[in-house]
Amino acid sequence: MLGAAGSEAPAAPTHRPLPPTPLPVRLAAQPEGMLQVHTAPFRGSANSVLSQALRSAGLGSRVLVSQLLKGGVDQGLAASPWLCGRLQWLRPSVVACLAEPAGDHPPAVREAVLAVWAYSRQQLLQGAVDLMVLDELGLAVELGYVPLEEVLATLEQRPAHLDVILTGPSMGPELMALADQVTQLRRGL
């Protein structure tokens, strides 16, 4: 067939079937949780974490927020509120927030903090939640309410899928060394 300039028109492309391709390789999703630390020398390191916890619960995740040294609402294990139907908010049953060493308080105060830690530890090791926030865990260790060796062993044994966020002003080097991600808030220089 001749084209307008008297040249032969290009031949129609021939279609060859593509060679068979193997099925795509699909990797099975391996949920991998992270251990995050959010710390600041001033109040406010927990704000973004708490909003993340609420958002996660609202989207269907099981969440536990344990504020180990926050008191004043006489909450304890029996009276912990649930938000979004999937977020449990837990505080020790003490009359005020704790900022002094455990030895400066009656034994019942340390026992109240240990009850929150024991429940949180159990939930963590059982993988009963998708996200756990342990507020002021480093300070609870530093002030003698919770033993460091037990905290480290627990965090090292956490299920692979579980996200754990530690918040507070005091994070010892042992906790920082375990972290997959560290967020340190600072004020402008």
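Positions are given from 1 along the sequence.
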Check: residues 173-181 side-chain donor-acceptor pairs under 3.5 Å, at least two apart:
residue	atom	partner	partner atom	Å
Asp180	OD2	Leu35	N	2.8

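At least one side-chain heavy atom of Leu166 sits under 4.5 Å from a side-chain heavy atom of Leu155. With contacts defined as side-chain heavy-atom distances shorter than 4.5 Å, the pair Tyr145/Leu114 does not qualify. Contact check for Thr183 versus Thr39: no side-chain heavy atoms found under the 4.5 Å cut-off. For the pair Leu64 and Leu131, the minimum side-chain heavy-atom distance is 4.5 Å or more. By the 4.5 Å heavy-atom criterion applied to side chains, Asp130 and Asp163 are not counted as neighbours. By the 4.5 Å heavy-atom criterion applied to side chains, Lys70 and Leu68 are not counted as neighbours. Under the 4.5 Å side-chain criterion, counting only non-hydrogen atoms from C-beta, Glu32 is not in contact with Met34. Looking at heavy atoms from C-beta onward, Ile165 lies in side-chain contact with His38 at the 4.5 angstrom threshold.
Defined by atom type and a distance below 3.5 Å, a donor-acceptor pair is present between the side-chain atoms of Gln88 and Ser80.
Atom OG1 in Thr167 sits 8.0 Å away from atom CG in Leu134 (nearest 0.5 Å). The distance from atom CG of Leu185 to atom OG of Ser48, rounded to the nearest 0.5 Å, is 6.5 Å.
Scanning both residues, Ala128 and Arg62, for their nearest heavy atoms gives O-NH1, 3.1 Å. Across every non-hydrogen atom of Thr154 and Leu125, the tightest pair is O-CD2, 3.9 Å. Across Met132 and Leu162, no two heavy atoms sit closer than the pair N-CD1, 4.5 Å. In terms of heavy atoms, Ser120 sits closest to Ser66 at OG-OG, 2.6 Å.
Neither Val164 nor Val65 shares a network with the other; the hydrophobic side chains, linked directly or stepwise wherever heavy atoms of I, L, V, M, F, W or Y lie under 4.5 Å apart, form separate groups for each. Taking hydrophobic clusters as Ile, Leu, Val, Met, Phe, Trp and Tyr residues chained together by side-chain heavy-atom distances below 4.5 Å, Val37 does not share a cluster with Val49. Residues Leu69 and Tyr119 share a hydrophobic cluster, clusters being chains of Ile/Leu/Val/Met/Phe/Trp/Tyr side chains in contact below 4.5 Å. Val146 and Leu77 fall within a single hydrophobic cluster, where Ile, Leu, Val, Met, Phe, Trp and Tyr side chains are chained together by heavy-atom contacts under 4.5 Å. Hydrophobic cluster membership differs between Val133 and Leu90, with clusters built from Ile, Leu, Val, Met, Phe, Trp and Tyr side chains linked at under 4.5 angstrom.
Residues that satisfy the side chain to side chain contact (heavy atoms under 4.5 Å, CB included) test with Glu142, not counting sequence neighbours, are Leu139, Ser170. Looking at residues two or more places apart in sequence or on another chain, you find a side chain to side chain contact (heavy atoms under 4.5 Å, CB included) between Ala57 and Val63, Cys84, Arg86, Leu87. Taking Glu149 as the reference, Pro147 meet the side chain to side chain contact (heavy atoms under 4.5 Å, CB included) condition, with sequence neighbours excluded. With sequence neighbours excluded, no residue forms a side chain to side chain donor-acceptor pair (under 3.5 Å) with Ser61.
For the side chain to side chain donor-acceptor pair (under 3.5 Å) condition, the pairs that include at least one residue of residues 89-104, sequence neighbours left out, are Gln67-Trp89, Gln67-Arg91, Asp74-Ser93, Glu100-His105.
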